[in-house]
Amino acid sequence: MGSIRIAIVGVGKIAKDQHVPSIAGNPDFALVATASRHGKVEGVPSFPDIESLLENVKDLDAVALCMPPGPRYSAALTALRAGKHVLLEKPPGATVSEVDDLVAEAARKRVSLFATWHSRFAGGVAQAKDWLAGKTIRSVRIDWKEDVRKWHPGQAWIWEPGGFGVFDPGINALSIVTDILPMPIHLTSARLQFPENRAQPIAAELVFADADGPDRASATFDWRQTGPQTWDIHVSTDNGELLLRSGGDKLLIDGQTVVDSGDAEYAGIYWRFAELIAARESDVDLRPLRHVADAFMIGRHEFVEPFED
Ligand code: NAP
């Protein structure tokens with residue numbers, strides 16, 4: 001049984017698919033409870049909300065907050081104030097400022113706050129970053145196209161304010177590029193397409209510049225892709241071409257496959273969380289969230305046909 005006693009808060013798809021097995025597979029952690037209005041994990045004590053969890057499980061060390069971003073701030077603040085280490089699913093919050101508040105609270109309490117970006121733990125990402133270090137980037141092209149009906153069936157929250165719409169998957173691409181590129185980029189224009197009956201976009205086109213010039217990077221996020229799904233990042237440099245495929249699991253350099261890995265993102269997240277807790281450090285990188293905020297700020301809004309699940 002691991003020494004870090006952790007509870008999952010918000011037991012839905014990602015908690016069941018990834019957090020429960022990753023905690024079970026990590027010798028540093030023991031899943032001792034859950035808090036969720038409906039969701040439960042078999043064999044694990046469950047509570048309806050975080051307050052009753054904290055009241056009843058006195059020797060809890062950490063919580064993994066797996067609910068949608070909207071209600072995450074309040075749960076995170078409650079946990080930090082109670083002196084618990086906190087893991088935030090992505091996106092870490094519904095606004096940039098609320099996550100800044102959490103960073104300050106974690107520092108005050110001397111506990112670890114980990115804003116996870118699971119795509120950064122995909123098998124090809126670390127090697128992509130190493131390969132790009134020191135190179136001159138000519139252009140970056142991101143294509144993140146998937147079928148919302150397949151990946152988010154019936155998730156009403158994702159279409160509501162604070163639910164991010166197509167930026168829920170798109171922010172994963174932004175978490176990778178902000179990690180691997182050797183220079184910062186900033187958004188210069190965006191086009192967001194909103195279904196007439198929804199509060200969040202179903203597609204987005206983004207253009208980024210860097211300090212050396214405009215149009216350095218571009219991205220298409222689209223939730224209307226049926227058939228094969230696309231999660232690709234292509235980086236053209238002064239010394240070769242890099243392609244991350246399948247959300248970062250595969251890495252090709254000049255057309256040759258150099259990494260072809262399976263899905264180990266969440267195992268990596270829990271190794272990192274244990275490391276942060278041992279060092280009493282936090283890891284909160286808000287660059288992907290800022291790019292999304294910028295897109296909502298300067299993006300041109302267009303309305304497209306209504307979307308029904
Ligand atoms: P989900 O299936 O809807 O589960 C989230 C759970 O949070 C719900 O089942 C619900 O459980 C609880 N919850 C608490 N407050 C809620 C509220 N106001 N509205 C809706 N649910 C609420 O969502 P998910 O796919 O697991 O995604 C959760 C987070 O993980 C999101 O930030 C998402 O971006 C991230 N994520 C998801 C995936 C994926 O493939 N699905 C992958 C990576 C990351 P109770 O009803 O029991 O309270």
Side-chain angles (χ1 to χ4, degrees), residues 7-23 33-42 44-53 63-79 86-96 98-99 102 114-122 125 144-176 199-201 221 223 225 229 231 246-249 263-270 272-273 284 286 288-289 291-292 309:
I8 291 176
V9 184
V11 179
K13 184 174 187 323
I14 199 63
K16 288 181 183 153
D17 288 357
Q18 296 287 354
H19 289 263
V20 172
S22 300
I23 292 169
T34 62
S36 210
R37 297 164 308 179
H38 312 94
K40 290 185 177 23
V41 175
E42 210 187 311
V44 178
S46 62
F47 299 91
D49 50 45
I50 190 161
E51 288 77 14
S52 54
L53 166 76
V63 292
L65 302 184
C66 302
M67 70 282 277
R72 197 172 288 135
Y73 170 77
S74 139
L77 194 64
T78 303
V86 172
L87 181 156
L88 304 170
E89 247 302 347
K90 52 71 40 173
T95 70
V96 181
E98 70 184 34
V99 189
L102 298 178
F114 183 19
T116 62
W117 298 109
H118 64 84
S119 293
R120 287 184 176 175
F121 292 89
V125 172
W144 226 251
K145 300 177 188 172
E146 61 176 50
D147 182 353
V148 63
R149 289 190 174 89
K150 178 173 161 100
W151 301 103
H152 300 282
Q155 285 185 346
W157 61 265
I158 218 158
W159 293 105
E160 292 300 318
F164 285 69
V166 77
F167 287 98
D168 177 86
I171 202 169
N172 298 335
L174 298 174
S175 77
I176 295 177
Q200 296 294 298
F221 302 155
W223 249 350
Q225 172 126 326
Q229 308 282 284
W231 299 285
S246 307
D249 285 346
D263 175 9
E265 296 178 5
Y266 280 79
I269 282 180
Y270 278 93
R272 175 78 178 131
F273 193 32
V284 180
L286 291 184
L289 189 63
H291 286 311
V292 173
D309 262 325

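Only heavy atoms go into these numbers, but all of them, side chains included; no hydrogens, no water, no symmetry mates. Atoms within each ligand, like the ligands themselves, are counted from 1 in listed order. From a predicted model like this one, the values you see are computed outputs, not experimental measurements.
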Taking heavy atoms and a distance under 4.0 Å, where does [X] meet ligand 1: side chain, backbone, both or neither?
X: Asp17; answer: neither
X: Gln18; answer: neither
X: Ser36; answer: both
X: Glu89; answer: side chain
X: Ala156; answer: neither
X: Met67; answer: both

* Asked: Which of these, Phe164, Phe167, Trp157, has its nearest heavy atom closest to atom 31 (C) of ligand 1?
  -> Trp157

* Option with minimal heavy-atom separation from atom 23 (O) of ligand 1, where the choices are Arg72, Lys13, Lys40, Gln155 -> Gln155

* **CA sep, side-chain torsions, deciding dist, call: Leu87, Tyr270, side-chain contact (heavy atoms from CB on, under 4.5 Å)** => CA-CA 9 Å; Leu87 181 156; Tyr270 278 93; 3.8 Å; yes

* To do: Could you give me the CA-CA distance, side-chain angles and deciding distance for Ile269 and Trp117, then say whether side-chain contact (heavy atoms from CB on, under 4.5 Å) is met?
  => CA-CA 8 Å; Ile269 282 180; Trp117 298 109; over 6 Å; no

Ignoring angles and geometry beyond distance, decide whether [X] reaches within less than 3.5 Å of ligand 1 through its nitrogen or oxygen atoms.
X: Trp151; value: no
X: His118; value: no
X: Pro71; value: no

Among all protein heavy atoms, pick out the one at the shortest distance from [atom]; state its residue, atom name and that distance to 0.1 Å.
atom: atom 8 (C) of ligand 1; result: Gly12 CA, 4.3 Å
atom: atom 16 (C) of ligand 1; result: Arg37 NH2, 3.2 Å
atom: atom 20 (C) of ligand 1; result: Pro68 CG, 3.6 Å
atom: atom 35 (C) of ligand 1; result: Lys90 O, 3.4 Å
atom: atom 46 (O) of ligand 1; result: His38 ND1, 2.6 Å
atom: atom 26 (O) of ligand 1; result: Ile14 N, 2.8 Å

If you define the side chain from C-beta out and look only at heavy atoms, does anything of [X] sit under 4.5 Å from [Y]?
X: Leu289; Y: Val99; result: yes
X: Trp231; Y: Lys145; result: no
X: Glu265; Y: Asp263; result: yes

Distance under 4.0 Å to a non-hydrogen atom of [X]: what atoms of ligand 1 satisfy this?
X: Cys66; result: 5 (C), 28 (C), 29 (C)
X: Gly39; result: 47 (O)
X: Pro91; result: 32 (O), 34 (O)
X: Pro69; result: 32 (O)
X: Asp168; result: 33 (C), 34 (O)
X: Tyr266; result: 43 (C), 44 (C)

* Please check if any side-chain donor atom of Ser175 sits under 3.5 Å from a side-chain acceptor atom of Asn172, or the reverse. => no

* Asked: Regarding His118 and Glu89, is there a side-chain donor-to-acceptor distance under 3.5 Å anywhere?
  ->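 Per modelled atom types, His118 and Glu89 side chains form no pair under 3.5 Å.
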
* Evaluation steps, side-chain contact (heavy atoms from CB on, under 4.5 Å), between Thr116 and Leu88 -> CA-CA 6 Å; Thr116 62; Leu88 304 170; 5.5 Å; no

* To do: Give the minimum heavy-atom separation between Thr78 and Ser74, together with the two atoms involved.
  => OG1-O, 2.8 Å

* Nearest non-hydrogen partners of Gly165 and Pro169, listed with the distance ->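 The pair with the smallest heavy-atom distance is O-CD, 3.8 Å.
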
* Asked: Does the Ser246 side chain pair with the main chain of Asp249, one donor and one acceptor, at a distance under 3.5 Å?
  -> no

* Asked: Sub-3.5 Å donor-acceptor pair from the side chain of Arg72 to the main-chain atoms of Met67, do we have one?
  -> yes

* Asked: Under the side-chain contact (heavy atoms from CB on, under 4.5 Å) criterion, do Phe114 and Val284 qualify, and how do the steps go?
  -> CA-CA 6 Å; Phe114 183 19; Val284 180; over 6 Å; no

* Asked: For Trp223, which of Trp159, Trp151, Trp144, Phe164 qualifies under ring pair (Phe, Tyr, Trp, His ring centres under 6.0 Å)?
  ->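 Exactly one pass, corresponding to Trp159.
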
